[in-house]
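Everything on this sheet refers to the single structure shown next.
As the structure lists them, so they are numbered: ligands from 1, and atoms in each ligand from 1. Only heavy atoms go into these numbers, but all of them, side chains included; no hydrogens, no water, no symmetry mates. Since we're looking at a predicted model, the values are computed, not measured.
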Amino acid sequence: MNKVNLENVVRDAYNYARSFENDGNVASYIPELFKADRDALGVCIVANNGKIYKYGDCETRFTMQSISKVVSLILALQTEGKEKVFSKVGVEPTGDAFNSLVRLETHTHIPLNPMINAGAIAVAGVLDGRFPFSDFLSLLRRICGRDDILLNERVYLSEKASGMKNRAMAYMMANEGVIEKDVEQVLDVYFKMCSVDVTAVDMAMLGSVLANDGVNIFTGERIIDSEHALIAKTLMVTCGMYDGSGEFAIRVGVPAKSGVGGGIMCCVENNFGIAVYGPSLDAKGNSVWGLKILEYLSKELNLHYFSGSKIKEYF
Ligand code: GLN
């Protein structure tokens, strides 16, 4: 079979997405996020042949937002262990919006999974180091292979000032003993982790490390334990796109995590880390054009886990 030229595929995926009307909205509930260019769009693939393919706005910085939930979970698993982490957060999908607090009123009061706000705040509450946010930054920098990944101070302050619903959840969890530390400090760590500036290339690197069992393909360094990578990817499949996870699994069929900053990070086992950036979001908080790009790539390259055909060979 002829090999496909990935450089052309990413360009075609980008143009395919752009052929649709941009009918989404940039997130405004965190005021600072609303300043993003609603028509920005970028796609990046870090492939196992050691090449990085990109098209569009791949150097533009955007905040990780919920994509950080994957990294904070991995950090918590690394530093605190599986048992402790999963005594404070479950592993089941919710079917509710990412910022819903209704399920916190169940008998266990433990949030359903770490990929939604309540769950990630519970995970932030488990992190026990003296400087959990710098631990998070160090891990992220190692994963992305870039030392100058930084906090976006303006987004952080904007989230901190506007995050009343997250605050409500955190206090509910503290009331039930799910969070055992100073609630404002836990929230501060959570807001900071959401507010780290990255690019589509960084997020494709994160996807690549996950796709390769926790190993950086460029250096050969193991950064994430195999078991932790497996847990993260499985939760990305079931919960990574919030209450859009089921539909995404049908349409695209790869582990993915989105954020309201407009990023979606995906991985394709032993092949690709993929990231898209497009800040215009659908009602569920997922990038409208980003989803189109991923649908295109999935079809074009046979990425769906049940596509029935092998992933196309590429160069
Ligand atoms: N920081 C955002 C929040 O707490 C993250 C949500 C998201 O990306 N879905 O609401």
Side-chain angles (χ1 to χ4, degrees), residues 24-36 61-73 89 93-104 111-125 132-133 136 140 151-173 179 183-198 200 202-203 206 235-236 238-245 248 256-266 275-288 290-291:
N25 292 300
V26 177
S28 56
Y29 76 101
I30 299 170
E32 196 63 30
L33 292 185
F34 195 55
K35 294 182 179 165
R61 301 205 172 200
F62 59 93
T63 49
M64 262 178 114
Q65 298 301 332
S66 274
I67 305 174
S68 67
K69 294 172 167 74
V70 175
V71 179
S72 58
L73 171 67
V89 65
T94 67
D96 298 319
F98 66 82
N99 59 356
S100 172
L101 44 71
V102 291
R103 305 287 179 119
L104 290 179
L112 277 166
N113 71 71
M115 299 290 129
I116 49 167
N117 289 11
I121 295 168
V123 168
F133 178 63
F136 171 89
L140 183 65
L151 177 70
N152 182 321
E153 196 82 27
R154 289 203 315 264
V155 172
Y156 156 62
L157 292 173
S158 184
E159 278 215 53
K160 200 176 161 94
S162 60
M164 295 310 165
K165 200 158 176 197
N166 287 329
R167 216 162 251 121
M169 289 177 210
Y171 279 96
M172 279 172 79
M173 288 190 280
I179 290 179
V183 180
E184 288 302 325
Q185 272 177 27
V186 170
L187 281 162
D188 199 63
V189 171
Y190 170 77
F191 291 140
K192 280 185 175 154
M193 294 191 296
C194 291
S195 305
V196 170
D197 262 339
V198 290
D202 294 325
M203 292 298 89
L206 168 57
L235 287 167
M236 285 162 66
T238 53
C239 317
M241 305 297 283
Y242 326 116
D243 46 336
S245 298
F248 183 85
K257 183 75 202 85
S258 72
V260 291
I264 305 175
M265 178 273 294
C266 314
V276 292
Y277 166 60
S280 200
L281 310 177
D282 66 14
K284 295 186 170 171
N286 296 321
S287 169
V288 172
L291 289 172

Item to check | Row check, Phe191 ring normal vs Lys160 NZ/CZ: under 6.0 Å, within 45° | outcome: no
Checklist entry - At what distance, to the nearest 0.5 angstrom, does CD1 of Ile116 lie from CG of Asn99? => result 9.5 Å
Item to check | Whether Lys257 side chain and Gly240 backbone form a donor-acceptor pair below 3.5 Å | outcome: yes
Item to check | From Asn117 atom CG to Tyr242 atom OH, the distance as rounded to the nearest 0.5 Å | outcome: 7.5 Å
Checklist entry - Among protein heavy atoms, which sits nearest to atom 10 (O) of ligand 1, and what does the distance come to when rounded to 0.1 Å? => result Tyr29 OH, 2.6 Å
Checklist entry - Hey, does Lys69 come in under 3.5 Å of ligand 1, counting only N/O atoms on both sides? => result no
Next on the checklist: If the cut-off is 4.0 Å to any non-hydrogen atom of Gly259, which atoms of ligand 1 fall inside it?
Outcome noted: 8 (O)
Checklist entry - Of the choices Val155, Val260, Ile30, Ile67, which has the non-hydrogen atom that lies closest to atom 8 (O) of ligand 1? => result Val260
Next on the checklist: At under 4.0 Å between heavy atoms, is it the side chain or the backbone of Phe191 that contacts ligand 1, or both, or neither?
Outcome noted: neither
Next on the checklist: So, regarding Ser258 and ligand 1 (criterion: nitrogen or oxygen to nitrogen or oxygen, under 3.5 Å), is there a contact or not?
Outcome noted: no
Item to check | Residues Ser258 and Asn286: side-chain donor-acceptor under 3.5 angstrom | outcome: yes
Next on the checklist: With a 3.5 Å distance limit and no angle check, can you tell me whether Ser100 reaches the backbone of Asp96 through a side-chain donor-acceptor pair?
Outcome noted: no
Next on the checklist: Give the atom numbers and elements of ligand 1 that come within less than 4.0 Å of a heavy atom of Phe98.
Outcome noted: 6 (C), 9 (N), 10 (O)
Item to check | Residue Tyr242 vicinity, atoms of ligand 1 by number, heavy atom under 4.0 Å | outcome: 7 (C), 8 (O), 9 (N)
Checklist entry - Quick one: does ligand 1 sit under 4.0 Å from the side chain of Asn166, the backbone, both or neither, non-hydrogen atoms only? => result side chain
Next on the checklist: So that I can tick it off, tell me whether Glu184 and Arg167 are bridged by a salt bridge, with the cut-off set at under 4.0 angstrom between side-chain N and carboxylate O.
Outcome noted: yes
Checklist entry - Considering only protein heavy atoms, which is closest to atom 6 (C) of ligand 1, and at what distance to one decimal place? => result Ser66 OG, 3.2 Å
Next on the checklist: Residue-level breakdown please: for Asn117 versus ligand 1, do any non-hydrogen atoms fall below 4.0 Å on the side chain, on the backbone, on both, or on neither?
Outcome noted: side chain
Item to check | Tyr171 atom OH: more than 12 heavy-atom contacts under 6.0 Å | outcome: yes
Checklist entry - With a 4.0 Å heavy-atom cut-off (strictly under), which part of Cys194 contacts ligand 1: side chain, backbone, both or neither? => result side chain
Checklist entry - Regarding Lys69 and Ser66, is there a side-chain donor-to-acceptor distance under 3.5 Å anywhere? => result yes
Checklist entry - Which ligand 1 atoms does Gln65 reach within 4.0 Å, using its non-hydrogen atoms? => result 1 (N), 2 (C), 5 (C), 8 (O)
